[in-house]
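To start, the structure under review is shown below, and the notes come after it.
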Amino acid sequence: MFDDLQKRLSTAFKRFRVSGVLTEANMKEGLREVRTALLEADVNYNVVQDFMARVQEKAVGTQVVKSVRPEQQIVKLVHDEMIETMGPSDPTIRFEKSGPTVIMLCGLQGSGKTTTSGKLAKLLVAQERRPMLVAADLQRPAAVEQLKVVGEQVGVPVFSETGTNPVKLCQDALIEANRRGCDTLILDTAGRLHVDDELMAELVQIEKKVRPHQVFFVCDAMTGQDAVASAEAFNKALELDGVILTKLDGDARGGAALSVRKVTGVPIKFVGKGEKLDKLEPFDPERLVGQMLG
Ligand code: GDP
């Protein structure tokens with residue numbers, strides 16, 4: 001994970017071997033390489049521009065302390081700026097005091113919504129809550145079956161209906177949750193390979209009529225700029241409360257992780273680190289940056 005970014009940054013940091021004070025002139029080459037490393041890791045262009053401007057501003061004039069090498073000072077600045085860009089950590093889910101809390105998961109097809117629904121349910125069961133999974137993806141019958149399997153693995157009920165529409169299905173699920181004494185609903189909504197108007201209209205309808213208490217965007221960390229562009233589109237159409245980054249166990253390049261918070265303005269809540277249902281962790285920016293810098 002983040003192998004290329006790590007290698008490129010460590011090469012870039014070696015360019016900061018200067019004595020005396022860090023100046024715009026003696027940092028130019030090194031900063032250019034840091035910038036290239038971020039762009040090649042698929043970090044959003046505007047995010048990179050902001051990032052570099054802030055690192056440069058903080059670095060210029062920094063007195064090189066004898067005991068700390070200049071490149072270590074730059075590493076520290078880049079480290080802190082990465083945390084600032086991705087953080088702060090906020091892995092909380094606000095639960096309603098009365099009645100079921102409705103959490104809606106949205107995202108592109110294949111981003112990991114169904115898997116993450118199961119992971120969240122497992123996490124909530126461990127917190128002694130009583131979740132119910134809702135198969136609101138009526139586009140793909142296979143998705144309903146997949147959610148049923150996931151529900152069985154976690155030991156939580158799965159609500160599904162045929163011959164209906166997603167809004168009605170979610171409303172019926174709410175009634176069923178009340179009847180069964182479930183305190184949290186996790187809506188596994190439909191996705192598409194690309195953002196399209198029909199998908200967005202469906203999700204907006206669910207948001208308007210079902211009024212989920214929290215909407216999380218499930219973001220595939222391996223797809224870089226695509227993930228960020230779709231995050232932006234989902235954030236425009238829906239009021240997102242958070243992002244769940246998936247597939248951080250794979251060969252994610254870092255672009256999605258470093259861009260998605262700045263682009264959407266909402267916190268990264270959790271990260272998925274595997275296909276198994278116990279592979280969901282609270283987002284920890286320190287740890288992720290540690291892995292990016294090696
Ligand atoms: P959906 O179409 O958004 O519901 O996506 P799925 O939940 O079906 O996930 C798509 C694929 O990604 C499946 O093969 C999952 O096992 C896999 N997947 C989901 N989350 C993770 C993760 O955190 N790490 C890895 N390696 N694979 C994941």
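We use all heavy atoms of the structure for the numbers below, so side chains are in, but hydrogens, waters and symmetry mates are not. For ligands, and for the atoms within them, numbers begin at 1 and follow the listed sequence.
Annotation: salt bridge (Lys or Arg N to Asp or Glu O under 4.0 Å) contacts involving residues 214-232, sequence neighbours excluded, comprise D220-K247. For residues 95-115, there are no salt bridge (Lys or Arg N to Asp or Glu O under 4.0 Å) pairs, not counting sequence neighbours. Within the structure, the salt bridge (Lys or Arg N to Asp or Glu O under 4.0 Å) test picks out the following pairs touching residues 141-150 (sequence neighbours left out): E145-K148.
Between the side chain of R140 and the main chain of A190, no donor-acceptor pair closer than 3.5 Å is present. Between the side chain of E286 and the backbone N or O of I83 there is no donor-acceptor pair closer than 3.5 Å.
The environment of NZ in K262 is crowded: more than 12 heavy-atom neighbours from other residues, nucleotides or ligands sit within 6.0 Å.
For ligand 1, the protein residues placed under 4.0 Å by at least one non-hydrogen atom are L108, Q109, G110, S111, G112, K113, T114, T115, K119, R140, Q146, K247, D249, G272, K273, G274, E275.
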